[in-house]
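What follows is a set of notes on a single structure, which appears directly below.
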Number of protein chains: 2
Amino acid sequence: MTTARPDGGVKSVQLAFDVLEAVAAAPGEVGVSELAALLGTTKGTVFRHLQTLVERGYVEQNTVSTRYKLGTRSYLIGQVAAGRIELLTASSDAIASLRDEIGETVVVSALRNRTLIVLRTVFGKSNLEIGVRQGSELVLHGTAQGKVALAFSNRSLLQHVLRQGLTRLTDHTIVEPARLEAELEQARAQGFITAANEETFGINAVAAPIFDRSGDVAGTVAIVGSVQNIRPDPVPAQIEALLKASLRISWNLGYDRGAVDARRRLDSAAS
Amino acid sequence: MTTARPDGGVKSVQLAFDVLEAVAAAPGEVGVSELAALLGTTKGTVFRHLQTLVERGYVEQNTVSTRYKLGTRSYLIGQVAAGRIELLTASSDAIASLRDEIGETVVVSALRNRTLIVLRTVFGKSNLEIGVRQGSELVLHGTAQGKVALAFSNRSLLQHVLRQGLTRLTDHTIVEPARLEAELEQARAQGFITAANEETFGINAVAAPIFDRSGDVAGTVAIVGSVQNIRPDPVPAQIEALLKASLRISWNLGYDRGAVDARRRLDSAAS
DNA sequence: AAAAGTGTCTTGTAATACGAAACATCATTT
DNA sequence: AAATGATGTTTCGTATTACAAGACACTTTT
């Protein structure tokens, strides 16, 4: 599914992570044969990799079923990572208040490598849980988060998206480049954008950008819910709370509008 | 520090995880040279491994400082693992109530591979935070958690510990095998055990075992605090709440005392 | 009783991960 | 301003080693 990887580093390590991620993607426990088929390799190879992963504790083997699942080391490294990822530590308080104030699901995503990845979702107060799975990738032209990221990033990201083509997800998905451009302009003007029914029918989201200390887009915050609770024109309280949260997070990341603008002027003067 | 690994699986993958874990262990960002020195290998090799890790998103490179830190994928795989590790899902509610009821720090550890690893610690209500770092290893003969795990596990685990030798950590550490045996007997009789000043002076803990569906020790729950708040003879409320939590977690793991005993009788009759 | 699964183990070979050393950028020092 | 000593990055030949194929032991299904 992923674009053919142009031979990155250490081949056997790539396979090891393929195995690890396949184990992670499996709903329950997985067997060696199943993994081998999934990854298009032999049982022996998968087995050997599982051995290392088990020895390291990233994967565990159920001694009775002899099948495999994620191990404690995987969890623990994630715990360490949670404390090291600025976007997470910077956003935790702000998204908790945002959720409590508005009651809708709050989603934080990170822009990494031309993709928006969902880092954290905190479900709203409603009994019906609407959210986006952590780790999943947000379509840049088809979600509020994606559009707001595009609006405030380098034009090169937009060009990249246009080159890939604007695939239709629902009949409200933006597929005309001109309309997308107009939306991005609107996002820049307002500081936020919505995306009712564009990715999934019946669902809407309002997203705002998060900036890092150098003024680049680090990610997005968004509130997500049914079109009933988040209208195409969201109520002012929702917008205000969202913008407040996004500013607070950016601030925690060291973003300072004035300082960034000044630095930009210097840089362009130098070149 | 760890016992010389007897050549487990794929060598280059071992190195890759060495690199990953070294990045995780570093307080902030790390450089290639630093890592190479730390791992006793060359810069080139470390660099190549970092490339794969970065490509996969487990590690990220700060483009301005060119140094490395843990990446979002590490966090995300941990999130998935958190949902797959039975001991975590089974204990989350119980430890939250336990902490709220008693107010002291609660620590859950898992028995994996003859070692007790701290999975989760929830700090108590006091302003002074006393806890055990997640991912750290608990000394089996020198902590309440370790002793309770020894008490309810196979004798082979105890033999393993005795073979290693009972290293002294404080002047209250149990270093005589006979005294350890006596403590284990007490733990079995009471269903819990304390360990005042045995690992760190001034600190005490009360621990109880967690059993899985086959009746084996899966881990421990413990409350940890200063000797002032957790006395060598803990107050009944603390003991009762701890035992209630441990039973609740074991139950969530599928432990059923009657069923396990019956199964044991059948097994021994068959042999 | 046979057949089709499973996970595990062995072996020869071709691929590849490694180490050493060179290279390109920086800061700092001289 | 030149020189030094860091850093991260790249190249290259070789010895290592990870791989595929197939055998094996075992359980479950037919």
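Each chain gets a letter, A, B and so on, in the order the sequences are listed, and its residues count up from 1.
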Between [X] and [N], is there a contact of a side-chain N or O with OP1 or OP2 at under 4.0 Å?
X       : N      : result
B/Lys43 : D/dG8  : no
A/Ser33 : C/dT6  : yes
B/Ser12 : C/dA17 : no
A/Thr66 : C/dT6  : no
B/Gln61 : D/dT9  : yes
A/His49 : D/dC19 : yes

Closest listed nucleotide, where the reference is the side chain of [X] and the choices are [options]:
X       : options                : result
A/Thr41 : C/dA17, D/dA20, D/dC19 : D/dA20
A/Val32 : C/dT8, C/dG19, C/dA17  : C/dT8
A/Tyr68 : C/dC18, D/dT10, C/dT8  : C/dT8
B/Gln51 : D/dT10, C/dA17, D/dT7  : D/dT10
A/Phe47 : C/dG7, C/dT8, D/dA20   : C/dT8
A/Arg48 : C/dG19, D/dC19, D/dT10 : D/dC19

Mind checking if [X] touches a base, just sugar-phosphate, or nothing, with heavy atoms under 4.0 Å?
X       : result
B/Glu34 : nothing
A/Gly44 : base
B/Thr42 : base

Roughly, in whole Å, what's the span from [atom1] in [X] to [atom2] in [N]?
X       : N      : atom1 : atom2 : answer
A/Lys11 : C/dA17 : NZ    : C1'   : 12 Å
A/Leu50 : C/dT8  : CG    : C1'   : 12 Å
A/Leu39 : D/dA20 : CG    : P     : 11 Å
B/Leu35 : D/dT7  : CG    : P     : 11 Å
B/Gln14 : D/dT17 : CD    : C1'   : 14 Å

Notebook entry, point to check: Does A/Tyr75 have its ring centroid less than 6.0 Å away from the ring centroid of A/Tyr58?
Noted result: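 For A/Tyr75 and A/Tyr58, the ring centres are not under 6.0 Å apart.
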Next item on the list: Let me know, please, whether A/Arg67 or A/Val13 comes out on the 5' side of the other along DNA chain C by nearest nucleotide.
Entry: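 Residue closer to the 5' terminus by nearest nucleotide: A/Arg67.
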Note to self: Ignoring hydrogens and geometry beyond distance, is a side-chain donor-acceptor pair present between A/Arg56 and B/Gln14 at under 3.5 Å?
What the structure shows: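 Yes, because at least one side-chain N or O of A/Arg56 sits under 3.5 Å from a partner of the opposite role on B/Gln14.
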Note to self: So that I can tick it off, tell me whether A/Glu137 and A/Arg114 are bridged by a salt bridge, with the cut-off set at under 4.0 angstrom between side-chain N and carboxylate O.
What the structure shows: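 Between A/Glu137 and A/Arg114 there is no salt bridge, as every charged N stays at least 4.0 Å from the carboxylate O atoms.
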Next item on the list: For the pair A/Arg73 and A/Glu60, find out whether any cationic side-chain nitrogen is under 4.0 Å from an anionic carboxylate oxygen.
Entry: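 So A/Arg73 does not pair with A/Glu60 through a salt bridge.
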Note to self: Within the 4.5 Å heavy-atom criterion, are A/Lys69 and A/Val30 side-chain neighbours or not?
What the structure shows: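 No - every pair of side-chain heavy atoms lies 4.5 Å or more apart.
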